[in-house]
Amino acid sequence: MSDETAMGISLALGGGNTINYNFMLTPYYRIYFGKKDNAAGFFIEGSASAFSYENDYYYNPYVNSDTNTEFGYGLGLAIGSKFMSRSQKWFGEMVYGIGRNFAKSEEYGENIYPRVGLNIGRRF
């Protein structure tokens with residue numbers, strides 16, 4: 001978009017026993033505060049997400065829980081930093097933030113979701 005802003009889409013796939021998210025699709029908008037010629041350095045990010053996750057419902061502490069696949073959507077904020085190679089073709093970035101799940105009520109589970117990433121890529 002410009003030397004100070006960028007838009008993009010992030011896709012995250014989860015799995016395993018410790019990660020409850022199946023997938024997360026996150027379009028984002030970033031404002032960079034680093035060098036003015038290559039959209040790199042420190043940034044802040046606003047995002048919207050749509051995701052699928054596994055949720056455990058406990059009806060009684062002495063009875064096993066039920067697991068349901070649910071869908072959520074929300075808005076989030078993040079901070080991060082982007083590093084460029086000398087040739088300006090390769091980059092690495094770290095991003096960390098949280099978002100608010102608007103499809104979930106407080107009585108059934110968490111209202112926040114993570115926005116964490118360690119990315120390596122190439123500009124075309």
Side-chain angles (χ1 to χ4, degrees):
M1 292 183 56
S2 76
D3 289 340
E4 298 175 355
T5 62
M7 291 177 61
I9 297 175
S10 174
L11 174 65
L13 302 174
N17 294 334
T18 60
I19 300 173
N20 290 338
Y21 289 90
N22 299 324
F23 78 89
M24 183 177 291
L25 184 65
T26 306
Y28 58 83
Y29 178 77
R30 292 179 179 169
I31 299 173
Y32 290 92
F33 297 96
K35 298 177 184 176
K36 301 225 181 247
D37 60 346
N38 62 7
F42 176 76
F43 62 83
I44 59 173
E45 173 184 289
S47 63
S49 293
F51 46 87
S52 166
Y53 59 99
E54 303 294 325
N55 198 5
D56 295 330
Y57 291 101
Y58 294 95
Y59 300 107
N60 184 323
Y62 304 106
V63 179
N64 290 336
S65 66
D66 290 335
T67 301
N68 295 331
T69 299
E70 298 188 10
F71 294 93
Y73 57 91
L75 298 174
L77 293 173
I79 60 171
S81 190
K82 186 174 190 176
F83 307 96
M84 298 297 299
S85 68
R86 292 180 198 258
S87 67
Q88 303 293 314
K89 292 184 180 179
W90 291 92
F91 67 89
E93 64 184 23
M94 298 178 297
V95 61
Y96 178 76
I98 60 172
R100 170 74 161 86
N101 182 356
F102 293 115
K104 200 74 178 145
S105 66
E106 282 188 37
E107 65 184 278
Y108 292 115
E110 297 193 21
N111 289 326
I112 61 171
Y113 60 87
R115 172 78 172 113
V116 180
L118 180 59
N119 307 310
I120 298 173
R122 186 176 192 284
R123 286 185 173 177
F124 293 98

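Model, not experiment: these values are computed from the prediction.
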Engineer: Report whether L118 and F83 are members of the same hydrophobic cluster (ILVMFWY, side-chain heavy atoms less than 4.5 Å apart, transitive linking).
Structural biologist: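 Both belong to a single hydrophobic cluster.
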Engineer: Measure the CD-CD distance between E45 and E93 for me, rounded to the nearest 0.5 Å.
Structural biologist: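 The CD atom of E93 is 8.0 Å from CD of E45, to the nearest 0.5 Å.
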Engineer: Of the non-hydrogen atoms in F102 and L75, which two are nearest, and what is the gap between them?
Structural biologist: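 In terms of heavy atoms, the two residues are closest at CE1-N, 3.6 Å.
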Engineer: Mind checking whether L11 and I9 sit in one hydrophobic cluster, side chains of I, L, V, M, F, W, Y counted as touching below 4.5 Å?
Structural biologist: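 L11 clusters together with I9.
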Engineer: Count the heavy atoms belonging to other residues, nucleotides or ligands that lie under 6.0 Å from CZ of F42, then report whether that count exceeds 12.
Structural biologist: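 Atom CZ in F42 is crowded, with more than 12 foreign heavy atoms closer than 6.0 Å.
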Engineer: Nearest 0.5 angstrom please: K89 NZ to M84 CE, how far?
Structural biologist: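 Reported value, rounded in 0.5 Å steps: 11.0 Å.
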Engineer: What pair of heavy atoms forms the shortest contact from G121 to W90, and how long is it?
Structural biologist: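 Minimum heavy-atom separation between G121 and W90: O-CE3, 3.2 Å.
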Engineer: What is the minimum heavy-atom distance between R122 and F91, and which atoms define it?
Structural biologist: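 That closest heavy-atom pairing would be N-CE2, 3.6 Å.
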Engineer: For the OG atom of S47 and the CG atom of L77, what is their distance to the nearest 0.5 Å?
Structural biologist: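 Answer for the OG-CG pair, S47 versus L77, is 7.0 Å.
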Engineer: Grab the two heavy atoms, one from A6 and one from Y32, that are nearest each other, plus how far apart they are.
Structural biologist: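 Nearest pair, atom of A6 first, then Y32: CB-CE1, 3.7 Å.
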Engineer: Check P27 against A48 and note the closest heavy-atom contact, atom names and distance.
Structural biologist: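 Shortest heavy-atom separation between P27 and A48 comes out as CD-O, 3.0 Å.
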Engineer: Any non-hydrogen side-chain atom of F51 less than 4.5 Å from a side-chain atom of T26?
Structural biologist: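 Not in contact.
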Engineer: Excluding sequence neighbours, so at least two apart, what forms side chain to side chain donor-acceptor pair (under 3.5 Å) with S85?
Structural biologist: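 By the side chain to side chain donor-acceptor pair (under 3.5 Å) rule, S85 matches S87.
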Engineer: Taking the side chain as everything from C-beta on, heavy atoms only, tell me whether R115 gets closer than 4.5 Å to M24.
Structural biologist: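 No, too far: nothing below the 4.5 Å cut-off.
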Engineer: Counting C-beta onward and ignoring hydrogens, is there a side-chain heavy-atom pair between F71 and F23 closer than 4.5 Å?
Structural biologist: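 The answer is yes; the side chains approach within 4.5 Å.
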Engineer: Who pairs with I31 by side chain to side chain contact (heavy atoms under 4.5 Å, CB included), at least two apart in sequence or on another chain?
Structural biologist: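 I31 satisfies side chain to side chain contact (heavy atoms under 4.5 Å, CB included) with T5, Y29, F33, I44 once adjacent residues are dropped.
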Engineer: My understanding is that only residues two or more places apart in sequence, or in another chain, count here; which of them pass ring-ring contact (aromatic ring centres under 6.0 Å, His included) with Y28?
Structural biologist: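 Listed in chain order: nothing, the list is empty.
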Engineer: Quick check for you: to the nearest 0.5 Å, what is the distance between L25 atom CG and S52 atom OG?
Structural biologist: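 Between atom CG of L25 and atom OG of S52 there are 12.0 Å.
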